[in-house]
Amino acid sequence: MSGVPQSDRIQRLDRHALVMAVWLPAAFLATAVFHHGFGPGGAWWVAGGFGVLLAGFGAHVIVNAVLGTDFSAREVALALFAFALATLAIIFSVLLTPGFAARFFWPAALGMMALAGAAILYMVIRNGPRAAFARFDIIRDNNPRRASRLPHRGGRA
């Protein structure tokens, strides 16, 4: 990091501290609500846990908007890993825990869909529909042609 100016390092550290100030209490509260929900609390507490996670995501979006930044590659990777881990946990719980599917499948599945929907909605609002989904167009990225540089085709270099 010696090549990065001191002011940039301080700004990144300030942003990191603000993001952690958002996510640490949100993660603690979501964990507590999920713990109670999957125990004696029931399905509404599980839905409340997903609501806390959505509120944390919304607060992170506000931090990004105020500071004029976007999600870092590490934040996106951590979110995708956590989402995949939660999806596997739900699948294994449905398969291995008797009565889990009858009691918790719908709140857990709808909560996961709400999290994915919030991320997609953020991408569409931030970048527009074309640019949001152009990130997933690996065929165009791996097969550049002159026609793919035309403005009506996305204008990629």
Side-chain angles (χ1 to χ4, degrees), residues 1 4-5 7-35 37-38 43-94 104-157:
M1 283 195 133
V4 179
S7 63
D8 288 345
R9 280 194 263 168
I10 291 173
Q11 287 176 348
R12 280 191 292 186
L13 183 62
D14 286 345
R15 181 190 177 277
H16 180 71
L18 190 55
V19 167
M20 293 309 293
V22 165
W23 277 111
L24 284 176
F28 175 75
L29 184 59
T31 302
V33 172
F34 280 132
H35 179 66
F38 285 120
W44 286 107
W45 285 90
V46 173
F50 282 107
V52 171
L53 291 178
L54 286 171
F57 177 72
H60 194 152
V61 168
I62 291 170
V63 167
N64 286 343
V66 167
L67 298 178
T69 60
D70 202 7
F71 289 98
S72 70
R74 290 179 179 176
E75 291 168 345
V76 172
L78 178 63
L80 289 174
F81 177 75
F83 191 82
L85 193 65
T87 303
L88 286 175
I90 290 172
I91 290 170
F92 283 132
S93 296
V94 165
F104 297 117
F105 179 75
W106 283 113
L110 292 175
M112 295 295 285
M113 286 191 288
L115 291 175
I120 291 170
L121 183 65
Y122 167 77
M123 288 172 46
V124 169
I125 290 172
R126 170 101 174 151
N127 304 317
R130 184 180 198 109
F133 295 105
R135 294 183 182 200
F136 302 104
D137 190 3
I138 60 171
I139 293 173
R140 186 182 299 177
D141 290 341
N142 291 331
N143 189 16
R145 301 186 310 251
R146 273 186 6 169
S148 67
R149 292 187 197 98
L150 296 173
H152 69 280
R153 297 263 179 112
R156 293 190 187 182

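Only heavy atoms go into these numbers, but all of them, side chains included; no hydrogens, no water, no symmetry mates. Just so we're clear, the structure is a prediction, and the values are computed from it rather than from any experiment.
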Kindly indicate whether the side chain of Val33, heavy atoms from C-beta on, has any atom under 4.5 Å from the side chain of Phe50.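 They are not in side-chain contact.
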
Fill in: Close side-chain approach of Phe38 and Val46, heavy atoms under 4.5 Å
yes

Check side chain to side chain contact (heavy atoms under 4.5 Å, CB included) between [X] and all other residues, then give those that pass, not counting sequence neighbours.
X     : result
Ala30 : Phe34, Val52, Leu53
Ala27 : none
Ile62 : Val66
Leu85 : Phe81

Can you tell me how far apart [atom1] ([X]) and [atom2] ([Y]) are? Round to the nearest 0.5 Å.
X      : Y      : atom1 : atom2 : value
Phe71  : Thr69  : CZ    : OG1   : 8.5 Å
Leu67  : Leu18  : CG    : CG    : 6.0 Å
Leu110 : Met113 : CG    : CE    : 4.5 Å
Phe104 : Ile90  : CZ    : CD1   : 11.5 Å

Should the heavy atoms of other residues, nucleotides or ligands under 6.0 Å from CZ of Phe83 be counted, would the total exceed 12?
yes

Per side chain to side chain contact (heavy atoms under 4.5 Å, CB included), Gln11 is matched among Asp8, Leu13, Asp14 by Asp8

Scan [range] for pairs that pass salt bridge (charged side-chain N to carboxylate O under 4.0 Å, His left out), counting only residues two or more places apart or in two chains.
range            : answer
residues 44-69   : none
residues 112-127 : Asp70-Arg126
residues 43-56   : none

What are the two closest non-hydrogen atoms of [X] and [Y], and how far apart are they?
X     : Y      : value
Gly56 : Ala26  : CA-CB, 4.2 Å
Leu54 : Ala114 : CD2-O, 3.9 Å
Phe57 : Ala118 : CE2-O, 3.7 Å

Pairs under 3.5 angstrom only: tabulate donor-acceptor contacts from the side chains of residues 73-80 to other protein residues two or more places apart or in another chain.
residue: Glu75; atom: OE1; partner: Arg15; partner atom: NH2; Å: 3.1
residue: Glu75; atom: OE1; partner: Ser72; partner atom: N; Å: 2.9
residue: Glu75; atom: OE2; partner: Arg15; partner atom: NH1; Å: 2.9
residue: Glu75; atom: OE2; partner: Arg15; partner atom: NH2; Å: 3.4

Applied to residues 44-59, the side chain to side chain donor-acceptor pair (under 3.5 Å) test, sequence neighbours excluded, yields none

